[in-house]
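What follows is a single structure, written as structure tokens, with notes after it.
When a residue number appears, it is its place in the shown sequence, counting from 1. As a basis for the values below, the full set of heavy atoms in this structure was taken, side chains included, without hydrogen atoms, waters or symmetry mates.
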Amino acid sequence: MQKAQSQMWIYFFFIVSVAVAIEKPQYEILERHGSVEIRQYPKVIIAGTKVEQPYRTALYSGFRSIANYIFGGNDGDMKIAMTAPVISHQVEKNVETHEILFIMPKKYKIDNLPKPDRGDVYLEERALGKVASIRFGGWATEKRMFRYQAKLFRKISKLGLEQIGPPMVAQYNSPWALPPFRRNEILIQIR
């Protein structure tokens, strides 16, 4: 029993140290309203892909395409460090097309990143700008995603803010991180 507990603590510290070591985009917290933060993000460079599949399968498929790019599937055979979060959003309301995004490490500029080998992966500069965010744990299933989106929509409306972008799901952990240690967020661009 004691050995199992020791192994669990080692595993816990491994998960925490890996999560802390991965680069995340910096942002400024402008306001806090309970569980909702209003943030300002700088421009970022993303590697993205669009996948015409339902949410869960689109995430896996899109993740694999972009992971291929950062693990050397590019014209420089260059490996690029993984960052967090992986961001996804539905491109159109009535169509099952999702965009999956990896934010590139801040040391890169668009002109010093290698070109993807795959035609479905693209690089571009994105202005996330001002966003409203709400954090949640566990798995970012469709049901949980919609529940937290609804919470965030209500708060945005109550605060009199104007939504200017689609709701995005930001997932910060590797697939093998246990649900109690997972960090997810819904991000919505606002004016």
Side-chain angles (χ1 to χ4, degrees), residues 15 18-19 22-27 29 32-67 69-70 82-104 120-124 126-157 159 161-191:
I15 290 171
V18 168
I22 293 178
E23 182 180 318
K24 299 167 192 72
Q26 295 179 344
Y27 55 83
I29 298 173
R32 282 195 171 99
H33 301 276
S35 61
V36 172
E37 290 181 345
I38 307 299
R39 302 174 179 169
Q40 182 69 44
Y41 283 89
K43 286 184 179 179
V44 293
I45 307 297
I46 60 96
T49 191
K50 291 182 182 169
V51 181
E52 198 171 317
Q53 294 174 2
Y55 172 72
R56 181 59 53 193
T57 54
L59 283 177
Y60 292 131
S61 181
F63 183 91
R64 281 193 307 274
S65 292
I66 304 170
Y69 167 71
I70 68 168
M82 182 72 191
T83 62
V86 174
I87 299 175
S88 62
H89 67 93
Q90 191 166 348
V91 177
E92 296 176 38
K93 283 191 184 281
N94 300 323
V95 180
E96 284 281 1
T97 301
H98 296 84
E99 184 178 42
I100 316 303
L101 309 171
F102 284 19
I103 297 173
M104 296 292 96
D120 62 337
V121 176
Y122 49 87
L123 300 171
E124 65 183 47
R126 284 276 171 99
L128 293 177
K130 192 174 180 181
V131 303
S133 72
I134 190 167
R135 186 174 177 167
F136 63 101
W139 297 107
T141 62
E142 248 181 315
K143 184 178 178 181
R144 291 175 63 76
M145 173 190 67
F146 287 135
R147 182 173 32 171
Y148 283 93
Q149 279 181 14
K151 260 181 117 164
L152 189 53
F153 283 138
R154 285 192 299 273
K155 192 63 155 182
I156 287 171
S157 178
L159 293 170
L161 301 171
E162 183 184 350
Q163 175 185 346
I164 59 169
M168 298 175 280
V169 180
Q171 298 183 59
Y172 286 81
N173 304 97
S174 67
W176 56 83
L178 298 172
F181 305 113
R182 299 188 69 79
R183 174 184 173 190
N184 309 294
E185 295 174 337
I186 301 297
L187 306 173
I188 298 178
Q189 292 176 305
I190 57 175
R191 193 166 313 282

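Q189 is not listed as a side-chain neighbour of Y41, based on a closest heavy-atom distance of 4.5 Å or more. With a 4.5 Å cut-off on side-chain heavy atoms, L159 and H33 count as touching. Contact check for S157 versus R154: no side-chain heavy atoms found under the 4.5 Å cut-off. Counting heavy atoms from C-beta on, the side chains of Y60 and Q53 never come closer than 4.5 Å. A heavy-atom distance below 4.5 Å is found between the side chains of I186 and V169. Residues R182 and Q171 have side chains in contact (heavy-atom distance under 4.5 Å, counting atoms from C-beta outward). No side-chain heavy atom of L187 sits less than 4.5 Å from a side-chain heavy atom of L128. The closest side-chain heavy-atom distance from M82 to I70 is below 4.5 Å.
Shortest non-hydrogen contact noted between I38 and A132 is CD1-CB, 3.8 Å. Residues A84 and P25 approach most closely at O-CD, 3.1 Å, considering heavy atoms. Taking both residues in full, the closest heavy atoms of F153 and P167 are given as CZ-CG, 3.7 Å, listed atom of the first, atom of the second, then distance. Shown here for G62 and I100, the closest heavy-atom pair between the two residues is CA-CG1, 3.8 Å. Closest non-hydrogen pair, A47 versus M104, comes out as CB-CE, 3.7 Å.
Residues in residues 127-153 take part in these side-chain hydrogen bond (donor to acceptor under 3.5 Å, both in side chains) pairs, two or more places apart or across chains: R39-S133.
Atom CG in L123 sits 7.5 Å away from atom CD1 in I46 (nearest 0.5 Å). Rounded to the nearest 0.5 Å, atoms CE (M168) and CD1 (I87) are 6.0 Å apart. Rounding to the nearest 0.5 Å gives a distance of 12.0 Å between CZ of F181 and OG of S174. The CD1 atom of I156 sits 4.0 Å away from the CD1 atom of I188 when rounded to the nearest 0.5 Å.
Side-chain atoms of T83 come within 3.5 Å of backbone atoms of I103 as a donor-acceptor pair (strictly under, hydrogens ignored). One N or O on the side chain of N173 and one on the backbone of R183 form a donor-acceptor pair closer than 3.5 Å. Side chain of T49 to backbone of D120: a donor-acceptor contact under 3.5 angstrom is found.
In this view, F102 and F63 satisfy the ring-ring contact (aromatic ring centres under 6.0 Å, His included) rule, not counting sequence neighbours. Applying the salt bridge (charged side-chain N to carboxylate O under 4.0 Å, His left out) test to E96 and every residue at least two apart in sequence or in another chain returns nothing.
Contact check on E185 versus K24 returns no salt bridge, with no Lys/Arg side-chain nitrogen under 4.0 Å from an Asp/Glu carboxylate oxygen.
Just one residue in the list H89, K50, Q90 forms a side chain to side chain donor-acceptor pair (under 3.5 Å) with E99, and that residue is H89.
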Self-check item: From CA spacing to verdict: salt bridge (Lys or Arg N to Asp or Glu O under 4.0 Å), E124, R126
Solution: CA-CA 6 Å; E124 65 183 47; R126 284 276 171 99; 2.6 Å; yes
